[in-house]
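Worksheet: the structure to be examined is printed underneath.
What you see is a predicted model, and the numbers here were worked out from it, not measured in a lab. Atom set for the values below is all heavy atoms of this structure, side chains included, hydrogens, waters and symmetry mates excluded.
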Amino acid sequence: LATIVITVTNIVFPAFARLITNFEKHSREEHMMVWLFFKIAFFRWVNTAVVLTIITPFTSTVSPDGIIQTVYQLFIAEIITINVLQYFDIAG
């Protein structure tokens with residue numbers, strides 16, 4: 001369940017970040033794109049790495065079904081959902 005929530009929020013957040021960035025005042029388009037990239041990269045890093053570390057108990061990190069399995073599931077979920085969304089071109 002955690003991998004699905006992380007994957008969905010990683011997909012939805014870029015649209016929200018664009019909305020936030022459009023309200024900010026930037027002197028050039030390049031600055032706007034840099035801050036948009038920073039917001040998305042930072043959110044995805046926190047959402048993926050930090051959240052997984054927090055929700056996985058320390059004793060579970062060394063077990064075979066611990067954090068490695070969760071990262072594997074997240075990796076597979078990201079691969080599938082991103083490719084399916086690109087194939088159907090929902091955003092237009």
Legend entry - In one Ile/Leu/Val/Met/Phe/Trp/Tyr side-chain cluster, 4.5 Å: V50, F43: no

Legend entry - Residue pairs involving residues 40-51 (criterion side-chain hydrogen bond (donor to acceptor under 3.5 Å, both in side chains); sequence neighbours excluded): T9-N47, N10-N47, N10-T48

Legend entry - V12: side chain to side chain contact (heavy atoms under 4.5 Å, CB included) partners, not counting sequence neighbours: V8

Inset, instruction - With sequence neighbours left out, write down each residue that passes side chain to side chain contact (heavy atoms under 4.5 Å, CB included) with N83, or none if nothing qualifies. - result: I79, Q86

Legend entry - Where at least one partner belongs to residues 11-21, residue pairs that pass salt bridge (Lys or Arg N to Asp or Glu O under 4.0 Å), sequence neighbours excluded: none

Inset, instruction - Can you measure from CD1 (I76) to OG1 (T81) and round to the nearest 0.5 angstrom? - result: 11.0 Å

Legend entry - Set of side chain to side chain contact (heavy atoms under 4.5 Å, CB included) partners for E24, sequence neighbours left out: I20, T21, H26, K39

Legend entry - Other ILVMFWY residues reachable from V34 by side-chain steps of under 4.5 Å: none

Inset, instruction - Considering non-hydrogen atoms only, spot the tightest contact between T7 and A77 and give its length. - result: OG1-CB, 3.5 Å

Legend entry - Residues that, via side-chain heavy atoms closer than 4.5 angstrom, fall in one hydrophobic cluster with F37: none

Inset, instruction - Return the set of residues passing side chain to side chain contact (heavy atoms under 4.5 Å, CB included) with F38 (not counting sequence neighbours), or none when no residue passes. - result: W35

Legend entry - Interatomic distance, L19 atom CG to F13 atom CZ [nearest 0.5 angstrom]: 10.5 Å

